[in-house]
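Numbers for residues simply follow the sequence, beginning at 1.
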Amino acid sequence: MASILSPAPGNVGVVRSIDDKIYVGLRPLSTRTYVAVARGSKARPFAVVRASSEKEVSVKSSGLSIEECEAAAVAGKFPDPPPLYRPQGPKGTPVVQPLPLSRRPRRNRKSPALRAAFQETTLSPSNFVHPLFIHEGEEDVPIGAMPGCFRLGWRHGLLEEVYKARDVGVNSFVLFPKIPDALKSQTGDEAYNDNGLVPRAIRLLKDKYPDIVIYTDVALDPYSSDGHDGIVREDGVIMNDETVHQLCRQAVSQARAGADVVSPSDMMDGRILAIRMALDAEGFHDVSIMSYTAKYASAFYGPFREALDSNPRFGDKKTYQMNPANYREALVETEADEAEGADILLVKPGLPYLDIIRLLRDSSSLPIAAYQVSGEYSMIKAGGVLKMIDEEKVMMESLLCLRRAGADIILTYFARQAASVLCGMKGN
């Protein structure tokens, strides 16, 4: 197994050693150690870190030189090979003739090295977008329905969380604001206040961490006194075109603050083209649009709405969000969003809608995003607390499944915890 030799603290890393074992069958015959020392460097004390606790195997040397070994090989005098050993089944295992199989798929799964070599789907911190809840307060407020998540104070808690996430390789973030009730209105005008909570947070983040990618949510529900994603007519109908007008103003305000990607989650018809035109008219040609293309009217959103206090004051969102029973309808939304200029297509929720993620992946060449929503997150957390599941393993499997279905990026509240696991740290 490999060994890495690192100098003691304060010294330049100039010495490395690798144990190279020669294997015949399953047993190492010899061990050779290579040491590389940078020219002109002085010998320094070093610490040894082994990649395995496997004990060294002592092999008796023949004492022959290379020339003598070569001469022996030419003469056909080979050393005796180790005895062939075949592991046996338990007592009572039936004796059978091998099945006449030309293909045995298990051959490619028989060792960790082979499984890693043939793994088709990978997971990386760069695949994660970290959703962050922010509010006007100074303190971070825990969200009861989402263990481990907080409403972050935009001045301090937000910066600290982004710092921790970047430390494990997460560099993309999406902001969701908790707006004071006094600033909410039926038309959601606070959504495009250039000095509002989200624009202030964007400017602060970009000043501190200019290399991160900031996604924003474009919708009126956090700003609406009615709790809907659009303007509500007196008869309860959600007004489409008037809402799109407000969304354009909101998107431009976010772009002006420094947003990299605006993300319309409202599900109004025609909003992608209108937002694209509004951004371009203001000179924001480089600001991308991630469309919530297939956003379903799901029961999995409950904890999120508690986090933002954005539950509808009446009715539901079924007249604009999609019917969970519908599959082909996602293609209608995909075709429209592509034609209108979307840069990324998103499916929400994630795990219960793997078939829709695969549908969009097979139907479009655009990047596909999946949102592992609050209900998915909270169920895994609850199962882990109750010791019904292994939280970390289920977390990682669920994210891998979203990637396997076709998602290029995943919006997940597990972003920092999962990235810590991928970095070899204990997930927190």
Side-chain angles (χ1 to χ4, degrees), residues 131-137 141 143-146 151 154 174-201 215-254 259 262-272 274-275 278 290-324 333 346 348-349 371 373-375:
L132 299 174
F133 302 110
I134 57 176
H135 70 141
E136 293 283 5
V141 180
I143 300 168
M146 300 179 67
R151 292 175 186 160
W154 74 277
V174 58
L175 303 177
F176 294 103
K178 164 65 174 69
I179 301 299
D181 288 343
L183 293 177
K184 295 181 180 181
S185 65
Q186 289 185 304
T187 53
D189 295 346
E190 180 64 16
Y192 50 84
N193 176 4
D194 285 345
N195 290 314
L197 177 57
V198 169
R200 272 183 277 129
Y215 293 72
T216 58
D217 180 48
V218 179
L220 296 186
D221 51 328
Y223 308 91
S224 169
S225 54
D226 295 314
H228 277 281
D229 291 47
I231 299 172
V232 183
R233 206 166 62 188
E234 61 181 359
D235 60 354
V237 172
I238 308 301
M239 305 176 73
N240 192 92
D241 297 8
E242 294 81 359
T243 296
V244 170
H245 176 80
Q246 298 289 76
L247 298 178
C248 290
R249 300 178 73 177
Q250 181 183 16
V252 169
S253 176
Q254 294 170 349
V262 297
S263 312
S265 63
D266 56 288
M267 292 298 289
M268 298 296 121
D269 294 337
R271 89 270 203 214
I272 302 302
I275 291 173
M290 179 174 71
S291 173
Y292 282 56
T293 297
K295 181 179 180 181
Y296 285 83
S298 172
F300 284 90
Y301 304 150
F304 176 94
R305 291 173 181 168
E306 175 189 320
L308 296 187
D309 188 25
S310 60
N311 275 305
R313 300 295 183 262
F314 62 89
D316 53 43
K317 301 189 176 186
K318 295 181 179 178
T319 64
Y320 46 100
Q321 294 179 1
M322 290 175 58
N323 185 342
E333 297 286 354
L346 181 141
K348 181 180 180 182
Y371 199 144
V373 299
S374 57

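With contacts defined as side-chain heavy-atom distances shorter than 4.5 Å, the pair Q250/L220 qualifies. Side chains of P131 and Y215 form no contact here, defined as non-hydrogen atoms less than 4.5 Å apart. Looking only at side-chain heavy atoms (C-beta outward), I272 and P264 come within less than 4.5 Å of each other. Two residues are said to be in side-chain contact when any heavy atoms from C-beta on lie closer than 4.5 Å; T216 and V174 fail this criterion. Within the 4.5 Å cutoff, no side-chain heavy atoms of Q246 are placed close to those of E242. Between V232 and Q186 the shortest side-chain heavy-atom distance does not fall below 4.5 Å. In this structure, Y223 and V198 have side chains that are in contact, with non-hydrogen atoms separated by less than 4.5 Å. Residues I275 and C248 form a side-chain contact, since some pair of their non-hydrogen atoms from C-beta on lies under 4.5 Å apart.
Between the side chain of R200 and the backbone N or O of N195, at least one donor-acceptor pair lies under 3.5 Å.
Looking at every heavy atom in both residues, I134 comes nearest to A201 through CD1-CB, 3.7 Å. Closest heavy-atom contact between S265 and D217: OG-OD1, 2.6 Å. Here the closest heavy-atom approach between residue V252 and residue A278 is recorded as CG2-O, 3.8 Å. Closest approach of G302 and S374 over heavy atoms only: N-OG, 4.4 Å. Nearest approach of T243 to M268, heavy atoms of both residues: CG2-CG, 3.8 Å. Among all heavy-atom pairs drawn from V262 and A251, the shortest one is CG1-O, 4.0 Å.
S298 OG to Y371 OH: the interatomic distance, rounded to the nearest 0.5 Å, is 12.0 Å. Here the CD1-OG distance, from I179 to S185, works out to 11.0 Å after rounding to the nearest 0.5 Å. Interatomic distance, OG of S224 versus CG of D189, reported as 10.5 Å (0.5 Å rounding). One distance of note links CH2 of W154 with CG of L132; it measures 15.0 Å at 0.5 Å rounding.
Relative orientation of the H228 and Y320 rings is perpendicular, given thresholds of 30° and 60° on the angle between their planes.
Remark: Y296 OH is packed, more than 12 non-hydrogen atoms of other residues, nucleotides or ligands lying under 6.0 Å away.
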From CA spacing to verdict: side chain to side chain contact (heavy atoms under 4.5 Å, CB included), D226, F314: CA-CA 7 Å; D226 295 314; F314 62 89; 4.1 Å; yes

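Annotation: salt bridge (Lys or Arg N to Asp or Glu O under 4.0 Å) contacts involving residues 228-238, sequence neighbours excluded, comprise D229-K295, D229-K317, R233-D235.
Between the side chains of S253 and D194, at least one donor-acceptor pair of N or O atoms lies under 3.5 Å.
Residues satisfying the side chain to side chain donor-acceptor pair (under 3.5 Å) criterion with Q321, sequence neighbours excluded, are absent altogether.
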